[in-house]
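Data first, discussion second: the structure below is written as structure tokens.
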Protein chains: 2
Amino acid sequence: MKTRILYNRIAVLREERGISRKELAEKIGVNFQTVGYLERCEYNPSLDLAFKISEYFNLPIEFIFSTKPMKHMSQEILELKTAKDR
Amino acid sequence: MKTRILYNRIAVLREERGISRKELAEKIGVNFQTVGYLERCEYNPSLDLAFKISEYFNLPIEFIFSTKPMKHMSQEILELKTAKDR
DNA sequence: ATATATTGTTGTAATATTACAATAAATATA
DNA sequence: TATATTTATTGTAATATTACAACAATATAT
């Protein structure tokens, strides 16, 4: 199957939690370099690994990964706030 | 990474739509035998393939795939209906 | 009953993912 | 500055996924 590039928010989410790739890698049970590959979108995770990341951040897979480039979370917040008072 | 078994509802969802593995395979762009492997949980899909299946059925990945054995949809409906009148 | 389509199974090959090592570059911290 | 930590990059090997072929078993339809 010709694999599409998938986009993700791993780097920002990791930053929010203030943890290093090494720490995240340990939590989800992969090599720390694998986290690097994922953050740079050099390859896609398996569904199993996506679930582990989703469980660690306690966020749905669709919030972390997307087939289309992701909006910045900051932007998304502002849009949601604006939508509220219409 | 030691891969966990992931469970899925592909067979029932496909049945609901009344389509064969071959048809589903064509829609999501994989070999029809790959659908068989997935339905029998003989291996997990890539995240990319999970997204394609999710897009085809128009359902979130978490509704189709799970790390724990899935409740039957029939059962889930009844529980939701019961929860409503408490 | 006999075609036809669908599913299950086995095996091999190609591609994608993950692991791991080694080293350089960049960042933070003492 | 010097030291330690984190990140980036490259290369090789192991494992997992997908493709594909071939055939048997079931089910559907004519």
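Quick note on labels: first sequence line is chain A, next is B, and so on, each numbered from 1.
Taking atom CD1 of Ile5(B) as the reference point, atom C1' of dT15(D) lies 16 Å away to the nearest angstrom. Put simply, CG on Asp48(B) is 11 Å from P on dA16(C), counting in whole angstrom units. Atom CD of Glu42(A) and atom C1' of dT7(D) are 12 Å apart (whole Å). Atom NZ in Lys22(A) sits about 13 Å away from atom P in dA21(C), given to the nearest Å. When the C1' atom of dT17(D) is taken as reference, atom CD1 of Ile10(B) falls 14 Å away, rounded to whole Å. Taking atom NZ of residue Lys52(A) and atom C1' of nucleotide dA16(D), one finds them 13 Å apart after rounding to whole Å. Here dT17(D) presents its P atom at 12 Å from CZ of Phe65(B), a figure rounded to the nearest Å. In this structure, Glu26(B) atom CD and dA5(C) atom C1' are separated by 13 Å, rounded to whole Å.
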Query raised in the report: Reading nucleotides 25-30 of chain C 5' to 3', which nucleotides get B (base under 4.0 Å from a protein heavy atom), which S (sugar-phosphate only), which -?
Result: ------
Report task. Using a 4.0 Å heavy-atom cut-off, write out nucleotides 18-30 of chain D from 5' to 3' as B (base contacted by protein), S (sugar-phosphate only) or - (no contact). Result -> BSBBB--------
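Relative to the six-membered ring of Phe63(A), Arg9(A) meets both conditions, a distance below 6.0 Å and an angle of at most 45° to the axis. Cation-pi geometry between Arg17(B) and Phe57(B) is not satisfied (NZ or CZ under 6.0 Å from the ring centre, within 45° of the ring normal).
Every residue two or more places apart in sequence or in another chain that forms a side-chain hydrogen bond (donor to acceptor under 3.5 Å, both in side chains) with Asp48(B) is listed here: Arg4(A). For Lys27(B), the side-chain hydrogen bond (donor to acceptor under 3.5 Å, both in side chains) criterion is met by no residue, not counting sequence neighbours. With sequence neighbours excluded, the residues satisfying side-chain hydrogen bond (donor to acceptor under 3.5 Å, both in side chains) with Glu39(B) are Arg14(B), Arg21(B).
Side chains of Thr34(A) and Ile28(A) form no contact here, defined as non-hydrogen atoms less than 4.5 Å apart.
Other residues, nucleotides and ligands contribute at most 12 non-hydrogen atoms within 6.0 Å of the CD1 atom of Ile5(B). At most 12 heavy atoms of other shown residues, nucleotides or ligands fall within 6.0 angstrom of atom CD in Glu15(B).
Within residues 56-64 of chain A, no residue is approached by DNA chain C to less than 4.0 Å at the level of any non-hydrogen atom.
Between Arg14(B) and dT7(C) there is a side-chain N or O to OP1 or OP2 distance below 4.0 Å.
Closest non-hydrogen pair, Thr67(B) versus Tyr7(B), comes out as O-CE1, 3.5 Å.
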**Report entry** Lys52(B) vs Tyr56(B), side-chain contact (heavy atoms from CB on, under 4.5 Å): CA-CA, chis, key distance, verdict
**Finding:** CA-CA 6 Å; Lys52(B) 282 182 183 150; Tyr56(B) 174 76; over 6 Å; no
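Ser66(A) places no side-chain N or O within 3.5 Å of a backbone atom of Pro69(A) that could act as its donor or acceptor partner.
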